[in-house]
Amino acid sequence: MLQINFVRENKEEVLKRLAVKNFKDADAIITQAISLDAERRLLQKESDDVKAEANALAKQIGELMKSGKMGGIKEFAKNLIPNHSYSKGQEVEAIKARTAELKQKEKSLDDTLKAKEEEIHTLLVQVPNLPNVSVPLGKTPEDNETVFEHGEKPTLPATAQPHWELATKYNLIDFELGVKLTGAGFPVYKGKGARLQRALINYFLDKAIAAGYMEVQPPILVNEDSGYGTGQLPDKEGQMYFVGEDKLYLIPTAEVPITNIYRDVILKENELPIKNCGYTPCFRREAGSYGKDVRGLNRLHQFDKIEIVQIAAPEKSYQILEEMREYVAGLLKELNLPFRILKLCGGDMSFASALTYDMEVWSAAQKRWLEVSSVSNFESFQTNRLKCRYKDANGKTNLCHSLNGSALALPRIVASLLENNQTDNGIKVPEVLVKYTGFEMIN
RNA sequence: GGAGAAAUGGCAGAGUGGUCGAUUGCGGCAGUCUUGAAAACUGUUGAAGGUCAAACUUCCGGGGGUUCGAAUCCCUCUUUCUCCGCCA
């Protein structure tokens with residue numbers, strides 16, 4: 001969520017940059033939020049003044065009663081409403097009447113204030129993050145900018161098979177069985193298929209740890225506050241599985257629990273950057289995305305992913321984004337998969353991101369690019385919701401920046417490994433994985 | 001799941017209706033002393049809104065209530081601890 005103070009002070013800039021994200025109602029929403037905020041501050045002042053008077057009265061009554069000077073109370077009451085005369089014994093009642101009046105006023109002001117704040121909030125949560133100045137213009141994935149390409153696309157013989165056929169041929173993955181147990185999109189990995197999964201998880205975690213990330217094992221169900229903190233709620237509840245009985249959501253990515261570790265936390269500047277990694281299964285309903293690109297491992301309801309998350313000082317976050325991008329690229333190089341890196345255009349970026357790189361591997365039999373990672377800088381968009389802050393050298397509290405990336409998502413890596421490395425004698429396991437799998441060939 | 005107890009500032013721990021945003025200790029920061037460090041001493045040290053800056057307001061697990069006035073009393077929710085039951 002954008003900060004209202006920033007929006008207020010940089011309206012033109014905000015509108016200009018929202019246009020890059022093709023956000024339609026920017027002008028109306030921003031203008032209204034700013035005007036509501038002005039009203040809000042006036043109300044706040046008014047309410048504060050009323051409270052200040054009530055507090056002062058209560059305090060004085062306390063002092064008078066404490067000193068036992070009932071006569072003092074009489075004088076006090078007279079000053080309260082100067083031209084009013086009181087009959088005996090009414091002094092205290094007069095004071096009470098005045099505070100009751102104030103209290104009523106306070107309540108009505110606070111109700112209005114609260115409503116105003118909610119209105120502003122409702123408007124602001126609809127506004128996406130501002131894209132970084134380097135984000136290319138564009139509306140569709142066609143407009144993404146390829147910033148890096150690596151590796152040779154293998155040329156496969158005519159007999160080459162897509163991964164879902166290979167998976168069946170070598171008895172690695174049973175899609176039908178998954179349907180029996182759960183439903184479409186919940187495959188069962190078996191034998192070397194299961195072992196390959198486990199090998200990849202361990203390999204990715206070991207690499208992340210070596211790169212300075214601390215491993216965490218978070219819960220894979222989260223509450224509503226967490227869903228809100230990273231921005232899945234209130235908008236995308238339809239994409240998450242929900243356990244109604246306990247009001248918990250199955251995580252769509254480890255980003256949610258790991259980033260929420262830092263919700264309502266004030267960090268010391270020397271603790272930054274915080275680098276966490278974690279393996280979790282991820283659950284996505286993928287409502288409305290059916291078609292042929294869901295074939296095999298291309299799009300699942302449950303899949304495994306290793307996520308890297310960093311909480312950084314604002315002035316370092318873009319440098320860190322590049323480091324994270326290099327880190328993920330390094331993994332793909334080691335796995336010997338041809339890949340490209342895209343800088344997403346304004347129209348293709350996620351709601352919360354300021355700059356995103358997508359990493360896509362070449363899937364040789366399907367002859368298409370598959371997204372296996374997305375590395376983003378959210379700047380202070382998430383941390384504003386999370387209230388994740390740090391104290392700088394001057395003792396001032398500022399919002400941190402948050403970043404995350406997949407490192408990596410397994411299914412499409414597996415798909416690409418199977419397809420690209422297929423030979424007449426079986427599928428060759430990449431060298432770096434052999435010590436994790438314990439076998440060199442799948443046959 | 002049943003019974004009881006508790007939830008206060010980075011941590012520990014006072015405070016049971018009236019200058020309490022909160023005693024005190026530890027920790028942190030700054031200074032004095034020292035060649036330097038430690039120790040000792042002095043000062044300082046929560047967050048949010050608001051303001052040019054102040055004033056001022058809010059926050060003692062969350063929400064609601066009683067009262068002129070609540071950290072303090074009442075209701076409710078959540079969490080933690082102890083005991084019992086069940087159990088990987």
Side-chain angles (χ1 to χ4, degrees), chain A residues 1-9 33-34 36-70 72-81 84 86 89-121 124 217 219-226 228-229 245-248 260-272 274 380 383-400:
Chain A
M1 190 163 73
L2 298 178
Q3 296 176 84
I4 184 67
N5 288 352
F6 178 85
V7 171
R8 189 171 69 218
E9 285 155 26
I34 291 175
L36 284 168
D37 181 58
E39 292 175 40
R40 193 208 99 230
R41 280 179 297 155
L42 283 175
L43 278 166
Q44 171 108 53
K45 174 82 181 118
E46 216 178 321
S47 165
D48 283 359
D49 287 346
V50 171
K51 283 175 187 159
E53 189 185 342
N55 285 348
L57 281 179
K59 196 175 272 185
Q60 290 176 56
I61 291 173
E63 278 166 20
L64 290 166
M65 287 182 102
K66 203 174 171 186
S67 58
K69 293 175 190 157
M70 290 311 278
I73 284 183
K74 190 187 273 180
E75 287 307 308
F76 185 54
K78 277 181 185 158
N79 291 332
L80 204 58
I81 310 175
H84 187 75
Y86 300 97
Q90 282 184 329
E91 291 85 2
V92 175
E93 290 312 309
I95 297 165
K96 288 186 181 177
R98 175 62 183 157
T99 45
E101 191 186 316
L102 288 172
K103 209 178 162 186
Q104 203 174 6
K105 203 164 159 191
E106 177 190 322
K107 182 156 170 43
S108 109
L109 281 170
D110 282 352
D111 286 348
T112 322
L113 188 61
K114 206 171 171 186
K116 208 64 83 179
E117 279 167 354
E118 269 165 27
E119 253 181 285
I120 294 168
H121 186 260
L124 282 183
Q217 273 191 31
I220 58 177
L221 274 79
V222 294
N223 59 27
E224 201 177 335
D225 285 348
S226 295
Y228 174 80
E245 182 93 3
D246 298 294
K247 292 191 182 145
L248 296 173
N260 269 281
I261 293 173
Y262 303 97
R263 169 152 50 86
D264 291 319
V265 167
I266 300 179
L267 297 153
K268 297 188 187 111
E269 192 168 26
N270 64 19
E271 292 177 299
L272 301 175
I274 282 177
S380 59
T383 54
N384 186 34
R385 288 185 173 209
L386 291 162
K387 295 203 180 67
C388 170
R389 296 158 291 178
Y390 74 102
K391 227 179 246 280
D392 67 20
N394 303 319
K396 201 168 174 294
T397 335
N398 303 305
L399 292 174
C400 300

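In the text below, chain A, chain B and the rest are named by the order of the sequence lines, each starting its count at 1.
A donor-acceptor contact closer than 3.5 angstrom links the side chains of Asn223(A) and Ser226(A).
C20(B) sits 14 Å from U16(B) when the P atoms are compared, rounded to a whole Å. Straight-line distance between the P atoms of U19(B) and A12(B): roughly 26 Å, to the nearest whole Å. Comparing the C1' positions of G27(B) and U76(B) gives a spacing of 37 Å, expressed to the nearest Å. The same atom, P, is picked in C33(B) and in G15(B); the two are 41 Å apart, to the nearest Å. A distance of about 31 Å separates the P atoms of C73(B) and G49(B), rounded to the whole Å. Nucleotides C41(B) and U34(B) are separated by 14 Å at their C1' atoms, to the nearest Å. Atom P of G10(B) sits at a distance of 28 Å from the matching atom of G65(B), rounded to the whole Å. Straight-line distance between the P atoms of G61(B) and G9(B): roughly 8 Å, to the nearest whole Å.
Within 4.0 Å of Lys391(A), counting heavy atoms only, lie sugar-phosphate atoms of the nucleic acid but no base atom. Counting non-hydrogen atoms under 4.0 angstrom, Thr397(A) reaches the backbone sugars and phosphates but no base. Using a 4.0 Å heavy-atom criterion, one finds that Asp49(A) contacts no nucleic acid atom at all. Across all strands shown, Lys45(A) has heavy atoms under 4.0 Å from base atoms, whether or not it also approaches the sugar-phosphate.
Looking at heavy atoms from C-beta onward, Glu117(A) lies in side-chain contact with Leu113(A) at the 4.5 angstrom threshold. A 4.5 Å side-chain heavy-atom check between Gln3(A) and Arg8(A) finds every atom pair outside the cut-off. Residues Tyr262(A) and Ile274(A) form a side-chain contact, since some pair of their non-hydrogen atoms from C-beta on lies under 4.5 Å apart.
Here the P atom of nucleotide G27(B) and the NZ atom of Lys268(A) are 14 Å apart, to the nearest Å. Per the geometry, CD belonging to Glu106(A) stands 15 Å off P belonging to U67(B), to the nearest Å. In this entry the distance linking NZ of Lys387(A) with C1' of A48(B) reads 9 Å, nearest Å. For Tyr390(A) and G46(B), the OH to P distance is 19 Å, given to the nearest whole Å. Taking atom CD of residue Gln3(A) and atom P of nucleotide A48(B), one finds them 11 Å apart after rounding to whole Å. Rounded to an integer number of Å, the gap from Glu271(A) CD to G10(B) P is 13 Å. Rounded to an integer number of Å, the gap from Arg8(A) CZ to G50(B) C1' is 10 Å. In this entry the distance linking NZ of Lys103(A) with P of U58(B) reads 13 Å, nearest Å.
Checking U16(B) for Watson-Crick or G-U wobble geometry (two distances, each under 3.5 Å) identifies no partner in any strand. Both distances falling under 3.5 Å, in either a Watson-Crick or a G-U wobble arrangement, place G25(B) opposite C11(B). Here A54(B) sits opposite no nucleotide as a Watson-Crick or G-U wobble pair (both hydrogen-bonding atom distances under 3.5 Å). G69(B): no Watson-Crick or G-U partner with both key distances under 3.5 Å is found in any strand. Across every strand in view, G61(B) sits in a pair with C77(B) that passes the Watson-Crick or G-U test at under 3.5 angstrom. Under the Watson-Crick and G-U wobble criteria, each requiring two contacts below 3.5 Å, nucleotide U32(B) is paired to A40(B). C87(B): no Watson-Crick or G-U partner with both key distances under 3.5 Å is found in any strand.
Under the 4.0 Å criterion applied to side-chain N and carboxylate O atoms, Asp37(A) and Arg40(A) are assigned as salt-bridge partners.
Within the 4.0 Å cut-off from OP1 or OP2 of U51(B), at least one side-chain nitrogen or oxygen of Arg41(A) is found. For G49(B), the OP1/OP2 oxygens have no side-chain nitrogen or oxygen of Asn5(A) closer than 4.0 Å. The shortest distance between the side-chain N/O atoms of Asn55(A) and the OP1/OP2 oxygens of U57(B) is below 4.0 Å.
The distance from atom CD of Glu53(A) to atom CD of Glu106(A), rounded to the nearest 0.5 Å, is 11.0 Å.
Among the nucleotides G69(B), A47(B), U57(B), the one closest to any side-chain atom of Ala52(A) is U57(B). When distances are taken from the side chain of Lys51(A) to each of U58(B), G18(B), C56(B), the shortest belongs to U58(B). Between A47(B), U57(B), G49(B), one nucleotide has an atom nearer to the side chain of Gln44(A) than all others, and that is G49(B). Which of G49(B), G18(B), A47(B) sits closest to the side chain of Ala58(A) comes down to G18(B).
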